[in-house]
Amino acid sequence: MKKNITVLGSTGSIGTQTLHCCKRLGYPLVALAANRSTTLLEAQAREFSPRYVAVVDENAYQDLKVRLADTNIRLLSGVQGLCEVAALPENDIVCNAVVGMVGLRPTLAAIEAGNTLALANKETLVAGGQLVMEAAAQNNVSILPVDSEHSAIFQCLQGNERTSLHKLLLTASGGPFRGKTAAELEQVTLEQALHHPNWEMGAKITVDSSTLMNKGLEFIEAMWLFDVTPNRIEVVVHPQSVVHSAVEFQDGSIIAQLGVPDMAIPIQYALTYPHRALSSAKPLSLVEYGSLTFEPPDLKTFVCLDYAMEAARRGGLYPCAVNSANEQAVALFLDGKIGYGEIGRSIGYVLEHFSDHTARYCIEDIFSTDLAARALVLEYCRGLAEYYTK
């Protein structure tokens, strides 16, 4: 059965791959949304003929109005535009693949409208997991994970009693700098950080994967998605990226999901769930790989992962604070303002100086925490000589 799909973040890495999956499956597109990539968004709109297109940036919106003036596509702007297309009643699935905190409000809008959510926006659960999961429960909405690791865990849990779950095994490739020392990481360049050994991703998530912050964010996501405490999640470095994650049950059995490192598999599973379809991914040959290896993460060198796990243990708004700190620090690094090592130190500074006195938080608390954490990163960076000279 065909499903009507809306893709938020359609011009990004996950978004474009989601469109490819929809094309293969014959799923019609209700709406597309992006931040400001007007040229690509125009091309997507002409190829897929959605009823709606939303763009966050106002200048991009004005540009797109001219570009699509000869079509019947309705254009929307701002975060409100993202929320509006996320809440459309004709949506069967809303795929949220935007990057950053901007994804939180449209996630809640989709849930409140009763639309099934295929979630690739990490910040939604890292920053607002409590609100999102409570809203999903109240509206009886399914959240289908798109990240390969969470999709793997989701698949491993199918047909098993949740009460028999003992531990989640969250795998990580280790990134391009696995085995490096902390001193060696100080010399990492932007070009090196943007080269991942196994996956093709956008700039921000590629940097996050190199620092292992991406795994820290996934650690927090997993807590919310699968309703487990931090002590029941183990991060395992698996350089081959074949075992996408696994679940250990109380009888000692471990069930893992394996496949080639290709996002077509988890994206398609979220779209077709509970069914499966032929995929564009290459079949996995264990014989060709020959061997699969596993090791613990080096938390002393890759401090971002350690800080994220500590934020998870503290709970409350601490995960939101470290997420926003990372967003700000990575943006500065991508802009050439700070060195690679300062990403982790910025997050550590925020974790040390941020105080959460909120027993239960609301969406306004999340966004005020976002601003406070970013301000703390800038405060820390103003003390760096290179911050002023670049």
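Fair warning: this is a prediction, and the values are worked out from it, not measured in the lab.
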Assess whether a salt bridge exists between [X] and [Y], defined as any Lys/Arg side-chain N lying under 4.0 Å from an Asp/Glu carboxylate O.
X: Lys282; Y: Asp262; result: no
X: Arg345; Y: Glu186; result: yes
X: Lys204; Y: Glu327; result: no

Main-chain N/O of [Y] paired with [X] side-chain donor or acceptor, under 3.5 Å:
X: Arg162; Y: Phe226; answer: yes
X: Asp370; Y: Ala372; answer: no
X: Asn139; Y: Ala136; answer: no
X: Asp335; Y: Lys337; answer: no
X: His150; Y: Pro145; answer: no
X: Gln268; Y: Ala277; answer: yes
X: Ser173; Y: Ser241; answer: no
X: Arg314; Y: Leu351; answer: yes
X: Gln62; Y: Glu58; answer: no
X: Tyr361; Y: Gln130; answer: yes

Would one find more than 12 heavy atoms of other residues, nucleotides or ligands at under 6.0 Å from atom [atom1] of [X]?
X: Asp227; atom1: CG; answer: no
X: Asp70; atom1: CG; answer: yes
X: Leu371; atom1: CG; answer: yes
X: Lys180; atom1: NZ; answer: no
X: Gln158; atom1: CD; answer: yes

Which heavy atom in [X] sits nearest to a heavy atom in [Y], and how many Å separate them?
X: Ile254; Y: Ala246; result: CG2-CB, 3.8 Å
X: Ile233; Y: Ala222; result: CD1-CB, 4.0 Å
X: Leu75; Y: Tyr61; result: CB-CE1, 3.7 Å
X: Ile93; Y: Ala270; result: CD1-O, 3.8 Å
X: Lys215; Y: Ala172; result: CE-CB, 3.4 Å
X: Ala182; Y: Thr301; result: N-CG2, 3.7 Å

When you compare the side chain of [Y] with that of [X], does any pair of heavy atoms fall below 4.5 Å?
X: Glu221; Y: Glu149; answer: no
X: Asn214; Y: Leu212; answer: no
X: Asp92; Y: Thr116; answer: no
X: Leu32; Y: Pro50; answer: yes
X: Glu42; Y: Arg46; answer: yes
X: Leu286; Y: Leu258; answer: yes
X: Arg36; Y: Val56; answer: no
X: Ile111; Y: Val141; answer: yes

Trace of the side chain to side chain donor-acceptor pair (under 3.5 Å) decision for Gln80 with Glu84: CA-CA 6 Å; Gln80 182 56 41; Glu84 188 170 338; 5.0 Å; no
Determine which pairs satisfy salt bridge (charged side-chain N to carboxylate O under 4.0 Å, His left out) with at least one residue from residues 242-251, sequence neighbours left out, and list them in order.
->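 Only Lys167-Glu248 qualify under salt bridge (charged side-chain N to carboxylate O under 4.0 Å, His left out).
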Distance check, rounded to the nearest 0.5 Å: Asp57 atom CG versus Asp63 atom CG?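 Reported to 0.5 Å precision, the distance equals 9.5 Å.
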Can you list the steps and then say if Leu168 with Arg232 is a side-chain contact (heavy atoms from CB on, under 4.5 Å)? CA-CA 6 Å; Leu168 306 181; Arg232 295 177 67 190; over 6 Å; no
Let's go through Leu169 and Ile153 carefully: what are the C-alpha distance in whole Å and the side-chain angles of both, what is the deciding distance for side-chain contact (heavy atoms from CB on, under 4.5 Å) to 0.1 Å, and is it a yes or a no?
CA-CA 8 Å; Leu169 300 173; Ile153 293 169; over 6 Å; no
ask   = Could you go step by step and tell me if Gln192 and Tyr340 meet the side chain to side chain donor-acceptor pair (under 3.5 Å) rule?
value = CA-CA 10 Å; Gln192 291 170 327; Tyr340 185 79; over 6 Å; no
- For Phe302 and Phe177, run ring-ring contact (aromatic ring centres under 6.0 Å, His included): C-alpha distance rounded to whole Å, both residues' side-chain angles, the deciding distance at 0.1 Å, then the answer. CA-CA 9 Å; Phe302 295 93; Phe177 308 129; 7.7 Å; no
State yes or no: do [X] and [Y] share one hydrophobic cluster built from I, L, V, M, F, W and Y residues joined by side-chain heavy-atom distances below 4.5 Å, directly or via other members?
X: Leu225; Y: Val94; answer: yes
X: Met223; Y: Leu165; answer: yes
X: Leu8; Y: Leu108; answer: yes
X: Val102; Y: Leu40; answer: no
X: Phe354; Y: Tyr349; answer: yes

query = Between Ser368 and Asp365, is any side-chain donor less than 3.5 angstrom from a side-chain acceptor?
reply =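 The criterion, which ignores hydrogens and geometry beyond distance, is not satisfied for Asp365 and Ser368.
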| message | If you apply the rule salt bridge (charged side-chain N to carboxylate O under 4.0 Å, His left out), what do you find for Arg360 with Glu134, and how did you get there? | response | CA-CA 12 Å; Arg360 291 184 61 81; Glu134 287 179 354; 2.6 Å; yes
Would you check, one step at a time, whether the test side-chain contact (heavy atoms from CB on, under 4.5 Å) holds for Leu25 with Thr272?
CA-CA 9 Å; Leu25 295 167; Thr272 62; 3.8 Å; yes
From CA spacing to verdict: side-chain contact (heavy atoms from CB on, under 4.5 Å), Ile5, Asn91: CA-CA 6 Å; Ile5 310 296; Asn91 290 328; over 6 Å; no
Determine whether Gln155 and Ser151 satisfy the following criterion, side chain to side chain donor-acceptor pair (under 3.5 Å), listing intermediate values before the conclusion. CA-CA 6 Å; Gln155 292 180 59; Ser151 175; 3.0 Å; yes
- Query: What's the verdict on side chain to side chain donor-acceptor pair (under 3.5 Å) for Gln250 and Ser164, showing C-alpha distance, side-chain angles and the deciding distance?
  - Reply: CA-CA 5 Å; Gln250 62 185 5; Ser164 65; 5.4 Å; no
Exercise for review: Could you point out which residue of Gln328, Glu352, Glu342 forms a side-chain hydrogen bond (donor to acceptor under 3.5 Å, both in side chains) with Tyr380?
Suggested key: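 Of the listed options, the one satisfying the test is Glu342.
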Ring centres of Phe249 and His166 under 6.0 Å apart?
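Not under 6.0 Å, so no.
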- Task: Applying side-chain contact (heavy atoms from CB on, under 4.5 Å), name anything that partners Ala127, two or more places apart in sequence or on another chain.
- Result: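 Met101, Cys320, Ile366.
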